[in-house]
Undergrad: 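If you scroll down you'll find the structure; I have some questions about it.
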Amino acid sequence: MIKKRWLVKSGDTTQENRLVNDLGVTPVVAKLLVNRGFDSISGQQFLYGSMDSLLDPFTLKGMIEGVALIEDILEQHKPIVIYGDYDVDGITATSLLYRFFSRLGANVSYYIPERQGEGYGLNLEALEHLIEQGTALIITVDCGISSYDIVEQVKDRVHMVITDHHNAPDQIPNADAVINHKQPGCLYEDKNLSGVGVAFKLAQAIWLRKTGEWYREDLDIVALGTVADVVPLVGENRIVVQAGLAKMVENPNIGINALISVAGLTGKQITAGHIGYTLAPRLNAAGRVSHATRAVELLVTTNAEEALDIADELQATNVERQELERHIHEMARQDVINQGHKADHIIVVGGEGWHPGVIGIVASRLVEEFYKPTMVLSIHDGVGKGSCRSIEGFNVYEALKFCEDLLLQFGGHAAAAGFSIDAAHIDELRERLDGYCRKQLTTEDYVPIVNIDTTLPVNDIDVEIIDNIAALEPYGMGNSTPVFAVTSAEVQDVILMGQLKKHCKVILKTAQGSIDAIAWNRPDLFKQIFAGDMVKVAFSLQKNEWQGYVSPQLMIQDIELLGEQHIVLTTEGLREMYLVVKQIARGGRLSQYQMEQEVLRRHPKNQNNASAMMALQVFKELGIILEDENDDGLPMYRWNQVQGKLDLVTSITFLTYSKQEVSP
């Protein structure tokens, strides 16, 4: 794993004390609020804002005109089409407005473009088809702000209201109404709304005009799209997500309830994390692998049995997406390794026929592993379609702009972007970007940063702290999960977890006993950290509830050994370990995990855990035990009947190993 830089925020003691007094929060919560830029006034709104404090939707530029047109169309019962997008933000925005207008008795339908064939945004052929069918009004959601030319070609034949949240270009489409808080001249205070957030404001405005009340339906759908689109969870976003999460528990949408069921979350308190990592990917899979219309059907159905059938289908589609992603990730990862120094500064990989629906996810995974700006391309018919993900401090959009003469088209922002290119120019693109990165980035820029809110002594960590910081939930962009650091703790034990033993539990000693620290997808820690080691840990906090007992649990963000660790392999210890391993391994083939557990359980008393693991590595290198794989691709150990019998020879060989100190 890549070594990381820890940055502990300095805080502001004066401001923190002020928040303790003004808001009645604990010092830890006050520090977290100050770290996120809140003062007494904004902190009050952040912690205690409610649906009643939402902003007036009519202060959005274009809302008055849009609502007037829609009311006229509704009165005449003319056909309305909601034109959406295939990601979760677009899916939820489409579902929200379809359900809203259906409640009003409107003649409404929806259209979602097909990702591979039509691509993002308004599609002229699709609009022509909708016009031919007699559509009177098209309302876009989560798209349309960049479609000036297309709108120009149809504006005289169909009414259009554009609702979007993306940055506005120089030319705003000449539609009947454009509702986007980021367009020039819009005085709406909250600039962080998602696509479904803007759609909700439209529904809110129409409902307010009709009833004089706030629209409070389908907030679970709004929350789902808002969290999935990774917009800042502050201001109005925070308020509607809080309300939506509550609805998911109390009275969820039939489709969302089915999704919760197939995801194994029934009975749990749904969090923003559950949306981002469990529910949203299942909806997203439809747009990536098949067609997003199926996800809209899930959210708008009123039949529980149908909802469960669609949710099961989306579950299967998500598994298919995961397999595609896993396969392409392995090929991309191997390509990075094979490129050697060509990938020192930026990763540019691609493959013929790689599914374009998953290359963005693959790019993100490569960034996590290698921490370099990354571009993954799907090549088809001589054209590469690329998806980019960046690292902190590097604007990938500007990097593409630097190479725009090589590209067919490109777009995006600092952290993520997309482009297309003639496949013949990919190597040249890689070379030019390599030179660009050499000038723009330093060695330090390639070291990932762990931003830490504050340090905590391991003995001070308890359930009460977790209950206190829960006031900041839901977490997300703009309000990240608090990260703490223990600067010194002793390891009591290290255990591999999960069916495939891919996760690691590091048990830390405390004055009260012990506390568990979980590292997902870090099986390597089992061979790097041992009982008795001193470590520092960066972590987030959550409760571990088991058989009615609640305890704090650390979710490891990073962990490092304190001081230099040395392992000494002695001749006597190796000989004794040889007898232990021989006794274990001659009984048959064992998984790597089983072998390691047995070695640690039965190893000689004069060996510590670290030297026991090193001895096992020595035996493997000498061929005394052989390693292969089982049907699931997991490492297995077996006894070498030939080499294992050469006790005298191996004992002499051990002498060579035992004369040196060996670092882990």
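Only a predicted model underlies this, so the values are computations on that prediction, with no experimental measurement involved.
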Undergrad: Does any N or O in the side chain of Y475 come within less than 3.5 Å of the main-chain N or O of G273, such that one atom is a donor and the other an acceptor?
TA: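 Not confirmed, Y475 side chain does not pair with G273 backbone.
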
Undergrad: Are the side chains of P281 and Q322 in contact, using a 4.5 Å heavy-atom criterion?
TA: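 No; the side chains remain at least 4.5 Å from each other.
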
Undergrad: Would you call the rings of F539 and F484 parallel, tilted or perpendicular, taking 30° and 60° as the class edges?
TA: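 Ring orientation of F539 relative to F484: tilted.
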
Undergrad: Between V362 and E325, which heavy-atom pair has the shortest distance, and what is it?
TA: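 Smallest heavy-atom distance, with atoms named: CG2-O, 3.9 Å.
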
Undergrad: Is it the case that the side chain of S261 and the backbone of N257 share a donor-acceptor pair, with hydrogens and angles ignored and the cut-off at 3.5 Å?
TA: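 Not at all, since once roles are kept as given, no pair shorter than 3.5 Å links the two residues.
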
Undergrad: Looking only at the side chains, is there a donor atom on one of D229 and S194 sitting less than 3.5 Å from an acceptor on the other?
TA: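 Checked: D229/S194 side chains show no N/O donor-acceptor pair below 3.5 Å.
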
Undergrad: Would you list the pairs meeting salt bridge (Lys or Arg N to Asp or Glu O under 4.0 Å) in which at least one residue belongs to residues 448-461, sequence neighbours left out?
TA: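 Every pair satisfying salt bridge (Lys or Arg N to Asp or Glu O under 4.0 Å) with a residue in residues 448-461: K9-D453, R36-D453.
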
Undergrad: Give a yes or no on whether a salt bridge exists between D558 and R5, defined as a side-chain N under 4.0 angstrom from a carboxylate O.
TA: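 No salt bridge links D558 with R5.
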
Undergrad: Find out whether D533 and V494 are in side-chain contact, i.e. whether some heavy atom of one side chain is under 4.5 Å from a heavy atom of the other.
TA: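 No; the side chains remain at least 4.5 Å from each other.
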
Undergrad: Quick one: does any side-chain atom of R365 pair with a main-chain N or O of R333 as donor and acceptor, under 3.5 Å?
TA: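 A pair under 3.5 Å: no.
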
Undergrad: Between the side chain of N459 and the main-chain N/O of A511, is any donor-acceptor distance below 3.5 Å?
TA: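 Pair found, side chain donor or acceptor close to backbone of A511.
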
Undergrad: Counting distance only, does the side-chain N/O of D190 pair as donor-acceptor with the main-chain N or O of E236 below 3.5 Å?
TA: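 Flag set: sc D190 to bb E236 pair under 3.5 Å.
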
Undergrad: How close do V20 and A30 get, counting heavy atoms only, and between which atoms?
TA: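 Result for this residue pair: CG2-CB, 3.7 Å.
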
Undergrad: Taking the side chain from N237 and the backbone from P232, do they hold a donor-acceptor pair closer than 3.5 Å?
TA: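 At least one qualifying donor-acceptor pair exists.
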
Undergrad: What's the shortest heavy-atom distance between C504 and R522, and which atoms?
TA: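 C504 and R522 have their closest heavy atoms at CB-O, 3.4 Å.
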
Undergrad: Quick one: does any side-chain atom of D89 pair with a main-chain N or O of G195 as donor and acceptor, under 3.5 Å?
TA: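 It does hold such a pair.
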
Undergrad: P552 and side chain to side chain contact (heavy atoms under 4.5 Å, CB included): which single residue from N544, I461, I465 fits?
TA: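 So, applying the side chain to side chain contact (heavy atoms under 4.5 Å, CB included) to P552 and each of N544, I461, I465, only I461 qualifies.
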
Undergrad: Is there a side-chain contact between I221 and F200 in this structure, where contact means two heavy atoms from C-beta onward sitting under 4.5 Å apart?
TA: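 I221 vs F200: side chains apart.
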
Undergrad: Can you name the nearest heavy-atom pair linking I346 to C437, along with the distance?
TA: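 What the structure gives for the nearest pair is CB-SG, 3.8 Å.
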
Undergrad: Any donor and acceptor pair, going by atom type alone, linking the side chain of E16 with main-chain N or O of D12 inside 3.5 Å?
TA: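 Judged by distance alone, yes, a pair lies under 3.5 Å.
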
Undergrad: Ring-plane angle category for H181 and H165, please: parallel below 30°, perpendicular beyond 60°, tilted otherwise.
TA: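 Answer is parallel, since the angle falls under 30°.
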
Undergrad: Is the shortest side-chain heavy-atom distance between L366 and V349 below 4.5 Å?
TA: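 The answer is yes; the side chains approach within 4.5 Å.
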
Undergrad: Please confirm whether the backbone N or O of K505 pairs with a side-chain atom of D516, one donor and one acceptor, at under 3.5 Å?
TA: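 Judged by distance alone, no pair lies under 3.5 Å.
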
Undergrad: Is V447 close to K3 at the side-chain level, that is, under 4.5 Å between some pair of heavy atoms?
TA: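 They are not in contact (no side-chain heavy atoms under 4.5 Å apart), so the answer is no.
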
